[in-house]
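Accompanying notes for the structure given below.
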Amino acid sequence: QFLKRIRHGEWTPVAPLSEFDHVHYRREADPLGRPWRAFKLVDPNDDTYTHPHARLIHVAGMVRHLAIELMTRNPPRASREPARWIERYVAGHREKTKAAVDVPHAQLSYVPLPSVGHAHTDAGVRRVMVVAPFGDDEVLEHLTRQLDGRRLVCERAEQLRGPVFLSRVRHDGVIDRYTKASRNWASFTPVILPGHDDRKPEKTEKLIRKALSQSGFDQSCEFEWSAFSHFAKSYSAHKYVRDEGAKDGRRAVGYIRPGHLVELSAVHLRLTFEGPVPGPLTIGAGRHCGFGLMVGLDASSDYRDALV
């Protein structure tokens, strides 16, 4: 239209632009955040659905199951060996062959988001985020378009109170607390360490450094740990408490873990970086299903009110 705006001495105005996009720029020294897409959990009336944050792995598992089903039907065109790609990248299963040990493993993460805000905020899960490895924006968008509006399917009826659907949302106050750049971060869900610390501080520190490295952190940071979260509504990192009335003298508490992570040690972390680091940040062995989820503390002036 622009090239043909003047023809035979007559003026034809160019139509206004009808499509827009946001392009973000950063300095080379600034850390790059992982691409993510977020969804609200809604019922058939489009009202927000709230899931107990102690059982957040149910939401992660249902979104993962739906992603596997959708990508099996309609994988990205660029994917080679779709079945193997789905098994590793979408489902997150690692190959156990010797040849695959040294191959970098990349996969999607399905991260339920407990609600955060002021000290009295109900921490129930009302949102879930799908996070992709660096640079995989196109693959993530391909999956997002198919997930939007889909109904979650649960293995057991008691996991959900009625039909629940995914509705895409780009930003809100809760999502920003998990994604905006911050120097100071604190875990809302426990960081599950890649091993057993045997309650030895020096071993705990070593496992934390290993968890940070495995989670892809290139920036140096200072950290401190505790069994308890900085957030009053979060559960502790303990798996059990003593209970004489229980069968083996102990009772399970806190967040329900996947079976393969039950016996690993866990802590809550507080991280301080030299400069702002963008989210989302998930750390540890359970980072792909919502454990080790960090909240940015610099993004809100009232975060101190949410601390224990």
Side-chain angles (χ1 to χ4, degrees), residues 36-67 108-131 144 147-180 186-190 192 228-238 252-258 268 279-282 286-297 299-300 302-303 305-308:
W36 57 269
R37 300 291 186 274
F39 302 87
K40 290 191 300 182
L41 304 181
V42 298
D43 64 17
N45 297 319
D46 205 31
D47 293 326
T48 301
Y49 175 86
T50 303
H51 193 76
H53 64 108
R55 303 201 296 266
L56 56 81
I57 64 166
H58 294 163
V59 174
M62 285 183 277
V63 176
R64 173 179 172 273
H65 176 80
L66 190 55
L108 294 173
S109 302
Y110 309 95
V111 184
L113 303 180
S115 297
V116 290
H118 56 74
H120 303 292
T121 298
D122 172 19
V125 173
R126 300 171 177 86
R127 303 159 186 81
V128 61
M129 184 180 293
V130 181
V131 186
T144 299
L147 285 174
D148 192 15
R150 295 283 182 169
R151 178 179 176 178
L152 297 180
V153 179
C154 52
E155 295 180 356
R156 296 187 297 275
E158 66 271 16
Q159 289 182 350
L160 294 176
R161 304 185 311 275
V164 178
F165 301 84
L166 298 175
S167 177
R168 184 173 180 181
V169 59
R170 285 169 171 78
H171 282 281
D172 61 27
V174 172
I175 294 171
D176 288 348
R177 292 291 298 275
Y178 290 107
T179 58
K180 281 194 171 181
S187 61
F188 195 94
T189 55
I192 301 178
F228 301 97
S229 173
H230 287 275
F231 299 95
K233 295 299 180 72
S234 172
Y235 295 119
S236 75
H238 294 119
V253 295
Y255 294 98
I256 298 174
R257 302 189 194 181
H268 275 289
L281 304 184
T282 53
R287 64 188 180 277
H288 298 300
C289 62
F291 284 94
L293 176 61
M294 310 296 290
V295 180
L297 301 182
S300 172
D302 66 347
Y303 81 88
D305 297 333
L307 304 183
V308 176

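All residue numbers in this chain count up from 1 along the given sequence.
For the side chain to side chain contact (heavy atoms under 4.5 Å, CB included) with L56, the qualifying choice from V128, I256, T189, V111 is T189, the only one to do so.
Contact check for T282 versus V131: no side-chain heavy atoms found under the 4.5 Å cut-off. Contact annotation: the side chain of F228 approaches that of H238 to within less than 4.5 Å [non-hydrogen atoms, C-beta and beyond]. No side-chain heavy atom of V164 sits less than 4.5 Å from a side-chain heavy atom of R151.
Panel note: side chain D148, backbone R168; a donor-acceptor pair is recorded below 3.5 Å. A donor-acceptor pair under 3.5 Å links the side-chain atoms of Y49 to the main chain of R161, judged by distance alone. Although no hydrogens or angles enter the test, the distance criterion places a donor-acceptor pair under 3.5 Å between the side chain of H268 and the main chain of Y235. Using modelled atom types, one side-chain atom of S229 and one backbone atom of S187 make a donor-acceptor pair closer than 3.5 Å. In this structure, H58 contributes its side chain and M62 its backbone to no donor-acceptor pair below 3.5 Å. A donor-acceptor pair under 3.5 Å is absent between the side-chain atoms of D176 and the main chain of K180, judged by distance alone.
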Q | Test side chain to side chain contact (heavy atoms under 4.5 Å, CB included) applied to R127 and L41, step by step | A | CA-CA 6 Å; R127 303 159 186 81; L41 304 181; over 6 Å; no
(Q) Is there a side chain to side chain contact (heavy atoms under 4.5 Å, CB included) between C289 and R64? Walk through the geometry before answering. (A) CA-CA 9 Å; C289 62; R64 173 179 172 273; over 6 Å; no
Q) Run the side chain to side chain contact (heavy atoms under 4.5 Å, CB included) check on Y110 and V59 step by step: do they pass? A) CA-CA 8 Å; Y110 309 95; V59 174; over 6 Å; no
Q.
I'd like to know whether T50 forms a side chain to side chain donor-acceptor pair (under 3.5 Å) with R126, so could you lay out the CA-CA distance, the side-chain angles of the two residues, the decisive distance to 0.1 Å, and finally the verdict.
A. CA-CA 5 Å; T50 303; R126 300 171 177 86; 3.1 Å; yes
Q: Applying side chain to side chain contact (heavy atoms under 4.5 Å, CB included), run through M129 and L113 and close with a yes or a no.
A: CA-CA 7 Å; M129 184 180 293; L113 303 180; 3.7 Å; yes
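With respect to the salt-bridge test (charged N to carboxylate O, under 4.0 angstrom), the residues K40 and D172 do not qualify.
In terms of heavy atoms, V169 sits closest to F39 at CG1-C, 3.9 Å. Summarising the geometry of P112 relative to L293, their closest heavy-atom pair is O-CD2, 3.6 Å, with the distance given to 0.1 Å. When all heavy atoms are compared, the tightest approach of P258 to I57 is N-CD1, 3.9 Å. The two residues H53 and K233 make their nearest non-hydrogen contact at CE1-O, 3.1 Å. Nearest heavy-atom pair across R257 and I192 is CD-CD1, 3.8 Å. Nearest heavy atoms, P190 versus S236: CG-O, 3.8 Å.
Atom CG of residue N45 and atom CG of residue D43 lie 5.0 Å apart, to the nearest 0.5 angstrom. Rounded to the nearest 0.5 Å, atoms CG (L152) and CG (L160) are 6.5 Å apart.
Here H230 and F188 keep their ring centres 6.0 angstrom or further from each other.
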